[in-house]
Amino acid sequence: MLKLYHWEPNANSGKPMLALMEKGVAFESHYLDLLNFDQHKPDYLAINPLGTIPALVHDGKVFTESTAIMEYVDAAFEGPSLTPVDPIERWRMRWWMKWFDQYLAKSASMLGWSVFVGPSVRARDPEELKAAIERIPMKERRVAWSKAIYNTFSKEELAESTRRLRDGIGKLEAALGARAWIAGATYSLGDANGFNLAYALPLAQPDVCNDEKTPAIMEWLRKIYERPATRKCWALARVPRMGERVKFLERT
Amino acid sequence: MPTLYHWEPNAGSLEVLAALHEKNIPFESRYVDFLAGEMWRKLSSQEMAFAAEMEVVSNLEIEGPVLATESGAALTDSYFINLYLDDAFAQTPLRPADAESQWRINVWARWIGEELYPATNTLGCAKYATAKLKDKAIETLPGQERQDAWRTAQRGYAIDEIAEARRKIAVMLRRTEDALAKGAYLVGESVSLADFTLLGASLSLPKTAPDQFEGAPYTNAWLARMRERPSVQAALRYARSNAPDESFAPGAERSRWG
Ligand SMILES: N[C@@H](CCC(=O)N[C@@H](CS)C(=O)NCC(=O)O)C(=O)O
């Protein structure tokens, strides 16, 4: 029995969703509304006491950490392999997943929380929001939510995130200009991981990420977007803005 | 034969040196003084043609070992180098074959890489490196992040940065105590890559956070056991100083978000 607890099909939630879709592994989808703080409710804390999403439950065992879940899904289930055979390509796949997760995604997420997550909840009853923050188990996530809700990001940290995003676009373009897929000759978990974050780059930084300046990124995003698994994955979007915004990748 | 560019056996250099010896992989050792910025000086003298590559310049570990493979690839990130070694050299596997154990090892590596390594690096740089970081070395470094990491270590750490590092160490020691109370190693019945990653991140703790480390008896006993392994002893023999556990160069930054 396989259950996946997730939010929208992007960022950390989208990583195991897309891996499962690519493998063709059926799972029970448990949608948690991140903007409604579902991930901090007792039912879910009983599954993942850290109160973060996603979490996978397989035969009663709980698996967390989105990228590690992707690798687990690939190793534990039948279906097309999403890990290159060549040890150097495997290394490159892992290297880039870490760079996506811990470099690019941190910056993209900080900006996303300042322009989308924060404004989406800010208007609610202040007492209710205060209590919601107090219920968050991890200190790091409490700090993130309180910055988003009270809009207390420093100018410097937002500027640094923007710098990293723009600089990272150049690095990603160079890598994808040299190889068909992020790890080498074949589509891998690294591409699925990267897509969850990079689909938003042309939307967030249109002057530096576009058909003219970053053709390799744009082609890579379109190739991933047209895969049947990606379609199926994004069909699970519920927030209208999320499901709609990926459609610019449709080839005309 | 692969070549490992490494420094004193602490942190990532220790992590990879010990795994190479545990697996009995023949390799060439090239000692590089990270703190003097030697890796990057050699880059400008063309001695290391690969050092300009993205995965070398933008390695999130900041200063760490580089494995040059026989086929000419330059691999960085200690844990990923070790996974490569385990994938490419079949002898003495350092991961159990089942997907669940491999997931566990990946999660340990993620926690240690994202939380414990930055925390021990902060305490280690504060105690042993800050005063030794020279503007002249910093100016020649490639990449904004690397320059920033060196400048941060050079200016020293505020009280709240030290406190946050100690908090992270406390969180991680609770996790290692839980795991090591149940078994001799972090994952499964025998030593795995998770143990080598923890070894690199924790060798210095008896000196940088003695009070915290003393309160973690299972992790203490584990470190003593690890230090007795022939592979770890062999790795420690690459030291040129008499205290490799005091060797720190600017490392991974602590997470900026979440
Ligand atoms: N390292 C974890 C991070 C998980 C994480 O922080 N997820 C975010 C969503 S992308 C979350 O749960 N945020 C909700 C919250 O903090 O309340 C992973 O990769 O799974």
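All chains are named by letter (A, B, ...) in the order of the sequence lines, taking the proteins before the strands, and each is independently numbered beginning at 1. All values derive from a computational prediction rather than experimental measurement.
To the nearest 0.5 Å, atoms CD (A/E65) and CH2 (B/W111) are separated by 7.5 Å. Between the CZ atom of B/F80 and the CE atom of A/M97 there is a distance of 7.0 Å, given to the nearest 0.5 Å.
No more than 12 heavy atoms of other residues, nucleotides or ligands lie within 6.0 Å of CD in B/E189, so this atom counts as exposed by the packing criterion. Enclosure of atom CZ in B/F27 by more than 12 non-hydrogen atoms of other residues, nucleotides or ligands within 6.0 angstrom is indicated.
With a threshold of 4.5 angstrom between heavy atoms, B/T69 approaches chain A through side-chain atoms but not through N, CA, C or O. Only the side chain of B/R167 has a heavy atom closer than 4.5 Å to any heavy atom of chain A. In this structure, the portion of B/E253 lying under 4.5 Å from any heavy atom of chain A is its side chain and not its backbone. Both the backbone and the side chain of B/A88 have a heavy atom closer than 4.5 Å to some heavy atom of chain A. Of the atoms belonging to B/S58, heavy atoms from both backbone and side chain fall under 4.5 Å from chain A. Neither the backbone nor the side chain of B/D98 comes within contact range of chain A; no heavy atom of the residue lies under 4.5 Å from a heavy atom of that chain. B/A97 does not touch chain A: none of its heavy atoms, backbone or side chain, sits under 4.5 Å away. Neither the backbone nor the side chain of B/E53 comes within less than 4.5 Å of any heavy atom of chain A.
Annotation for A/W91 and B/I81: closest pair CD1-N, 4.3 Å, computed over non-hydrogen atoms. A pairwise comparison of heavy atoms in B/L60 and A/K98 identifies CD1-O, 3.8 Å as the closest pair. Nearest approach of A/R90 to B/D87, heavy atoms of both residues: CD-OD2, 3.1 Å. The nearest pair of heavy atoms linking A/E157 to B/R256 is O-NH2, 3.2 Å. Of all heavy-atom pairs spanning A/W96 and B/M54, the tightest one is CH2-CE, 3.5 Å.
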Fill in: Derivation and outcome, side chain to side chain contact (heavy atoms under 4.5 Å, CB included), residues B/S255 and A/K106
CA-CA 8 Å; B/S255 174; A/K106 298 269 175 184; 3.1 Å; yes

Fill in: Derivation of the side-chain hydrogen bond (donor to acceptor under 3.5 Å, both in side chains) call for B/R110 and A/T67
CA-CA 9 Å; B/R110 168 83 194 236; A/T67 296; 4.8 Å; no

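Counting heavy-atom pairs closer than 4.5 Å to chain B, the top-ranked of the candidates A/A76, A/A75, A/S161, A/A175 is A/S161. For the set A/K147, A/K61, A/R92, A/K139, the entry with the most heavy-atom pairs within less than 4.5 Å of chain B is A/K139.
Aromatic pair A/F153/B/W257: centroids less than 6.0 angstrom apart. Residues A/F63 and B/W103 bring their aromatic ring centres within 6.0 Å.
Using a 4.5 Å heavy-atom threshold, the side chains of A/E140 and B/K168 count as touching.
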